[in-house]
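No hydrogens, no waters, no symmetry mates; every other heavy atom, side chains included, goes into these values. Start at 1 with the first residue, then count along the sequence. Bear in mind the structure is a predicted one, so any value in this text is a computation, not a measurement.
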Amino acid sequence: MRDEVIFYIGTYGSRDENGIHWGAMDRNTGELRLLGGTAGIENATFLDFNEASSVLYAISEIGVSEAVAYSVNPETGELTELNRTPAGVSGACHVSRSRDGKRMFVTGYTDGHIAALSIEDDGRVGEVVSKVRHVGRSLRDDRQSEAHPHSSHETPDRQYVLVSDLGMDEINLYRLEEGKLVTHKKISLPPGSGPRHTAFHPSGQWMYGTNELNSTVAAYAYDSTFGDLKLLQHSATLPADASVDDNTSSHIVVSPCGRYVYASNRGHDSIVQYVIDEASGQLRPVNWVSSGGKTPRHFQILPGGFLLSANQDSDVIASYRIDPDTGNLVATGFTLEVKRPVCICPIEKA
């Protein structure tokens, strides 16, 4: 019997192509194999699971975006569509759910909207129950002439929804009051930063975020009492001899052990590893490895101590072993060919 973990792959593609694939990774070696796929969703740019990993949620990065719920066969990975509904945003680029499983947060890069949708008891996606719109801009005319929210996450204490806006150089915190998104606080970043994705430390006291446009990672101290973020540090995602002009940073993950942060670079096509100072939460870059392809839009840590990198523009997912002593990424040599992969979502959390 194979000892594997099943994972899902969101891709850019037409409704007639398999927009979501599922594969399996050997927990001992990192070897990858493709199991299947499903069509019917265009540009399945981001995926998320419910708490039990029995329902997979996907959103489509199109003009009038959809949110789709699928039931999951845990043995084969096969998906069965439960329902789909308008997501309430345009150009959806991110989806996450609240920790109580009652809300889904969809981020609209194109129209600046963030929508909260209900999740039914059977896992189906319900109606839009709240929606806010960001209005504003920042320094760069080419990428920041208007608001572009890029991700939305509930904080670990379930008190706030945190939205990174690339176009406005802001991180906005919202309260959920009777299911409605209510503005709480805005955190401004240096002009031209372009905040994209965030990840919390397992302790909940620190948060880290990629800044896409200036290729940095910002470290914050999170104040759960007052719902505030204190900027601690900006750290480059690139080695000193690399050009920021040729790169955009993308995804970020904190290791389950809380010792390391990883972030991806598109252009430099690498994944940078930082060591977290256990007293201050600040970062020290220690290693860069090739992402195994071109344009690593997303990556994820899987059970067994492996990391999978989705390389959008070379149609390949690369497998790495995480050294248990140093946190260094070591290529396993195993890859998986998938057309335009942009998100990886394992059926089990690392």
Side-chain angles (χ1 to χ4, degrees), residues 6-23 35-74 76-133 149-154 161 163 179-181 297-298 310 338-347:
I6 293 173
F7 62 95
Y8 294 84
I9 308 155
T11 68
Y12 277 128
S14 71
R15 189 180 292 267
D16 297 329
E17 301 174 277
N18 282 343
I20 301 175
H21 302 260
W22 50 95
L35 300 177
T38 186
I41 181 170
E42 182 178 356
N43 294 345
T45 185
F46 217 87
L47 311 173
D48 194 24
F49 268 116
N50 67 343
E51 185 65 27
S53 296
S54 59
V55 179
L56 181 73
Y57 299 106
I59 46 91
S60 55
E61 191 174 327
I62 57 177
V64 180
S65 296
E66 295 178 314
V68 187
Y70 300 90
S71 65
V72 177
N73 183 319
T76 66
E78 186 174 356
L79 298 177
T80 301
E81 184 175 322
L82 292 175
N83 79 315
R84 64 177 62 208
T85 186
V89 307
S90 175
C93 61
H94 190 269
V95 64
S96 64
R97 58 171 185 83
S98 62
R99 293 170 187 265
D100 64 7
K102 296 180 179 180
R103 293 286 182 271
M104 170 190 292
F105 306 111
V106 181
T107 310
Y109 182 88
T110 303
D111 66 0
H113 282 100
I114 301 94
L117 289 77
S118 62
I119 298 176
E120 307 300 332
D121 291 341
D122 62 0
R124 296 172 188 266
V125 185
E127 62 183 6
V128 175
V129 295
S130 182
K131 188 161 70 170
V132 294
R133 184 187 181 195
H150 216 305
S151 62
S152 305
H153 296 278
E154 189 177 55
V161 177
V163 180
K180 304 297 183 181
L181 294 166
R297 181 183 174 101
H298 194 260
V338 177
K339 185 178 179 182
R340 302 188 75 187
V342 292
C343 184
I344 295 173
C345 190
I347 203 167

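The two atoms that bring Ala92 and Ser65 nearest to each other are N-OG, 2.9 Å, heavy atoms only. Here the shortest heavy-atom pairing between Leu181 and Ile114 reads CD1-O, 4.0 Å. Ser152 and Thr107 make their closest contact through OG-OG1, 2.7 Å (heavy atoms, listed as atom of the first residue, atom of the second, distance). Pairing each heavy atom of Cys345 with each of Leu47, the nearest pair is CB-CB, 3.9 Å. Between Ala69 and Gly123, the shortest heavy-atom contact is CB-O, 3.8 Å. Across all non-hydrogen atoms, the minimal contact from Val128 to Ala115 is CG1-CB, 4.3 Å.
Atoms SG and CG, from Cys93 and Asn43 in turn, are 12.0 Å apart once rounded to the nearest 0.5 Å. With rounding to the nearest 0.5 angstrom, the CZ atom of Phe105 is 11.0 Å from the NE2 atom of His153. The structure places OG1 of Thr38 at 5.5 Å from OH of Tyr70, a figure rounded to the nearest 0.5 Å. Between Arg99 atom CZ and Glu154 atom CD the span is 6.5 Å, to the nearest 0.5 Å. Note that the CZ atom of Arg84 and the OH atom of Tyr57 stand 15.0 Å from one another [nearest 0.5 Å]. Interatomic distance, OG of Ser53 versus CD1 of Ile347, reported as 6.0 Å (0.5 Å rounding).
The side-chain heavy atoms of Ser96 and Met104, taken from C-beta on, include no pair separated by under 4.5 Å. With a 4.5 Å cut-off on side-chain heavy atoms, Leu35 and Thr76 do not count as touching. Looking at Leu79 and Val72, their side chains come closer than 4.5 Å, going by heavy atoms from C-beta outward.
A donor-acceptor pair under 3.5 Å is absent between the side-chain atoms of Asn18 and the main chain of Gly36, judged by distance alone. With Ser60 contributing its side chain and Ile41 its backbone, the two residues share no donor-acceptor pair below 3.5 Å. Side chain of Lys339 to main chain of Gly13: no donor-acceptor pair is present (N/O by atom type, distance under 3.5 Å, no hydrogens or angles). Remark: side-chain polar atoms of Asn50 are paired, donor with acceptor, to backbone N or O of Val55 under 3.5 angstrom. Within the 3.5 Å criterion, the main-chain N or O of Glu127 finds a donor-acceptor partner in the side chain of Ser118. Formation of a donor-acceptor pair under 3.5 Å by the Glu51 side chain with backbone atoms of Gly101 is not found in this model. Using modelled atom types, one side-chain atom of Asp48 and one backbone atom of Arg97 make a donor-acceptor pair closer than 3.5 Å.
Between Tyr8 and Phe49, the ring planes are perpendicular. Angles over 60° get that label, and only those under 30° would be called parallel. Between Phe46 and His298, the ring planes are perpendicular. Angles over 60° get that label, and only those under 30° would be called parallel.
Here Thr45 pairs with Tyr12, Ile59, Glu61, Arg297, Val342 under the side chain to side chain contact (heavy atoms under 4.5 Å, CB included) rule; sequence neighbours left out. A search for ring pair (Phe, Tyr, Trp, His ring centres under 6.0 Å) contacts involving His150 returns Tyr109, His197, not counting sequence neighbours.
Within a 6.0 Å radius of CG in Asp122, other residues, nucleotides and ligands contribute more than 12 heavy atoms. Summarising the local packing, CZ of Arg133 is surrounded by 12 or fewer heavy atoms from other residues, nucleotides or ligands at distances under 6.0 Å.
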* To do: Begin from the C-alpha positions of Asn83 and Val125 and carry the test side chain to side chain contact (heavy atoms under 4.5 Å, CB included) through to its verdict.
  => CA-CA 7 Å; Asn83 79 315; Val125 185; 4.1 Å; yes
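Under the 4.0 Å criterion applied to side-chain N and carboxylate O atoms, Arg340 and Glu17 are not assigned as salt-bridge partners.
Defined by atom type and a distance below 3.5 Å, a donor-acceptor pair is missing between the side-chain atoms of Ser14 and Asp16.
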